Each structure stands twice: as C-alpha cells, then as structure tokens.
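Values in this document were obtained by computation on a predicted structure and should not be read as measured data.
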Amino acid sequence: MKGQTYIILAVVFAVVIAIFAVINVDPVEVDYLFGSGEAPLILIILFSVLMGAIITASVGVIRVIRLQKELRAAKAEINTLKSQDNPVVDVESEPTETFELEENDDKVK
C-alpha cells in the first residue's frame, strides 16, 4: 500500500510538472557562472526537476548503503555473541525475577 501511494504521488507530480513546463515555452535569458545564454523555459524547468530527482536519489542511495553496512555489523556482532555461548538478553521481554519493596512503618515527617 505504501509503495502504491508513492507511485501515485510521483505520477501526479510528474503530470503537474509536465503541464507547467509545456505552458512555459517562451525563451528566457539564463545567467551561468561562465556566461549567459538564451534557452526555452521548458528545458530549464525539466532540467531543474531532473537534477533535483538525481540529487534526491543519490542521497537515498547513500543512506541505504550506510544502513546496509550497519546491518552487516550488527549481524556480525550477534553471530560473535552466539558463538561465545553468552546469553543474549532480550530487552523487550519481561524480567524473570521480581523484586518487592518492603514498606517501612516509620513515617517521615
């Protein structure tokens, strides 16, 4: 369901950008770092969207690679602990021992 939502939103976004770009076809002057030139606004809009998508995808890929490295390190640590026959404590499980506090009859004033 989550993947379908992303695909639908991406298609809607692409259609909106395409309509916006097709409406703006007039030539405009573009100032670059090394000079200036004239280009149709449709190309500038589409190039900007493409570069934004490439940069966003690059950041996502870097994040996935970093998470995969962390996962491999965690699995290696788990395997090391299992091979040492050390009991691994499950943080989410209920404690096996319960401690009861003794009530003190003296009242603090």
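Counting heavy atoms of neighbouring residues, nucleotides and ligands inside a 6.0 Å radius, atom CD of Glu70 exceeds 12 of them. For Arg63, the CZ atom sits in a loose shell: 12 or fewer heavy atoms of surrounding residues, nucleotides or ligands are nearer than 6.0 Å.
Leu50 and Ile45 end up in different hydrophobic clusters when Ile, Leu, Val, Met, Phe, Trp and Tyr side chains are linked at under 4.5 Å.
Residues Gly52 and Thr56 share a closest heavy-atom pair of O-OG1, 2.8 Å.
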- [ ] Begin from the C-alpha positions of Ile78 and Lys82 and carry the test side chain to side chain contact (heavy atoms under 4.5 Å, CB included) through to its verdict.
- [x] CA-CA 6 Å; Ile78 288 172; Lys82 283 183 180 179; 3.8 Å; yes
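For residues 34-56, every residue pair satisfying the ring-ring contact (aromatic ring centres under 6.0 Å, His included) rule, not counting sequence neighbours, is listed here: Tyr32-Phe34.
Atom CG of Leu41 sits about 9.5 Å away from atom CG of Leu46, to the nearest 0.5 Å. Separation of atoms NZ (Lys69) and CZ (Arg72) is listed at 7.5 Å; rounding is to 0.5 Å.
At least one side-chain heavy atom of Leu9 sits less than 4.5 Å from a side-chain heavy atom of Thr5.
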Side-chain polar contacts of residues 10-25 - donor-acceptor pairs under 3.5 angstrom, sequence neighbours left out - could you list them?
{"unit_1": "Asn24", "atom_1": "ND2", "unit_2": "Phe20", "atom_2": "O", "d": "2.8"}

